[in-house]
Amino acid sequence: EVQLLESGGTLVQPGGSLTLSCAASGFTFTSYAMNWVRQAPGKGLEWVSGISGFGDTTYYPDSLKGRFTVSRDNSRNTLNLHMNSLRAEDTAVYFCAASVTGTRGRLDYWGQGTPVTVSS
Amino acid sequence: QSALTQPASVSASRGQSITISCTGTSSDVGYANFVFWYQQHPGKAPRLLIYDVNNRPSGISSRFSGSKSGNTASLSISGLQAEDEAVYYCSSHTISRTLVFGGGTKVTVL
C-alpha cells in the first residue's frame, strides 16, 4: 500500500525557516517524481515544487523561487522542503504528492498534509 | 503563472449531469494533453480523477469523464450522487515545466 506521511509542520514566526519532510513507502521511490502542493485555509491548491526521481532536477513556480528548496534522500525514501523567509501568506497545509516519472504532473498519490502557520 | 479559471460553484439534483470548465492559455491547457482533475472532500487530501485530459485511473467511476478543446478543458459528471459533493480542481502541466491549478469548483448535489 502506498503511503506518504508528511511531518514538520508547526507555528513559525515571520521571517523564520522551516523544513518539512515526507516519508514514502509502498512503491519504488526513485520511479516517482515528487511534489509539494499547499492549500491556504479555505483556499485552493497551489503547486509549490517538484523534483525528479533521482533528484537531479528541481522545479518551482516563479513566485517561490529562491525561498523554497526541495530535496530528496532516496536512501531513506524521504522528500524534504526547506522554506526560508516565511511570510503570513505561506500559512497552509502542505501536501506531498507522487507522480510517476514521465507523466508530466499527474499526481497519483497524496499524503494527508502537515499544517504550517506563520504568525507572531 | 496565473491560475486556471474554473467556475466557483455548480449545483444540480441527484441523478443529473454537470460539466465543469477549466480555462487556461496556450502555455498550459492548450499546449499539450497534460490536464488533470482532482476531487477533494472537506478535510481530506485531493484524489486524482482524470489524467491526460480524458483517462481515468483504476477505481474511478465511469461517471467521470474529461475532454478538451483548445485552451479549455472540461470535467463531466453524470448521474450525480450524494458522494460527488466535493471541490473539484483542474491542473495542467505548463510549457515552462511547472504545474498550475485552477481555483476549484464546489459541486453541490441538491
Side-chain angles (χ1 to χ4, degrees), chain A residues 1-6 9 22 24 27 32-53 56-66 68 70 89 92-115, chain B residues 1-9 20 22 24 27-29 31-60 66 68 73 86-107:
Chain A
E1 179 194 3
V2 171
Q3 285 197 329
L4 296 171
L5 185 61
E6 303 93 338
C22 172
F27 61 100
Y32 284 74
M34 297 297 295
N35 297 265
W36 288 98
V37 176
R38 70 183 181 182
Q39 186 168 36
K43 302 296 184 182
L45 302 174
E46 180 186 12
W47 177 74
V48 170
S49 65
I51 186 167
S52 60
D56 50 327
T57 309
T58 57
Y59 308 90
Y60 305 93
D62 288 343
S63 59
L64 294 177
K65 272 181 190 171
F68 287 18
V70 63
E89 53 264 38
V93 173
Y94 285 73
F95 297 97
C96 68
S99 173
V100 173
T101 298
T103 57
R104 296 286 195 274
R106 167 183 164 177
L107 303 178
D108 295 85
Y109 305 116
W110 295 68
Q112 287 305 304
T114 187
Chain B
Q1 180 68 56
S2 299
L4 308 176
T5 301
Q6 298 180 234
S9 62
I20 301 169
C22 169
S27 295
D28 39 63
V29 173
Y31 104 96
N33 287 335
F34 303 122
V35 177
F36 315 95
W37 290 90
Y38 300 89
Q39 177 192 60
Q40 187 180 34
H41 287 107
K44 300 292 189 182
R47 175 176 73 146
L48 179 68
L49 282 183
I50 297 287
Y51 67 93
D52 297 350
V53 174
N54 57 8
N55 294 281
R56 288 185 308 275
S58 174
I60 298 300
K68 192 187 88 165
V87 180
Y88 293 81
Y89 294 94
C90 61
S91 174
S92 176
H93 191 256
T94 78
I95 205 167
S96 306
R97 300 167 77 185
T98 61
L99 275 180
V100 63
F101 282 94
T105 299
K106 180 174 172 54
V107 170

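All chains are named by letter (A, B, ...) in the order of the sequence lines, taking the proteins before the strands, and each is independently numbered beginning at 1.
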For residues L107(A) and F101(B), report the shortest heavy-atom separation together with the two atoms involved.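 Heavy-atom minimum between the residues: CD1-CZ, 4.0 Å.
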Is it the side chain or the backbone of [X] that comes within 4.5 Å of chain B heavy atoms, both, or neither?
{"X": "Y109(A)", "value": "neither"}
{"X": "V93(A)", "value": "neither"}
{"X": "T103(A)", "value": "backbone"}

Is the distance between the ring centroids of Y38(B) and W110(A) less than 6.0 Å?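 Yes: the rings meet the under 6.0 Å criterion.
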Just to verify, what does F27(A) make a ring pair (Phe, Tyr, Trp, His ring centres under 6.0 Å) with, not counting sequence neighbours?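 If we apply the ring pair (Phe, Tyr, Trp, His ring centres under 6.0 Å) test to F27(A), skipping adjacent residues, the hits are Y32(A).
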My understanding is that only residues two or more places apart in sequence, or in another chain, count here; which of them pass side-chain hydrogen bond (donor to acceptor under 3.5 Å, both in side chains) with W47(A)?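 For W47(A) the side-chain hydrogen bond (donor to acceptor under 3.5 Å, both in side chains) partners, ignoring immediate neighbours, are N35(A).
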Only pairs of heavy atoms separated by less than 4.5 Å count here; which of G43(B), P46(B), A32(B) has the most with chain A?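 Most pairs with chain A among the choices: P46(B).
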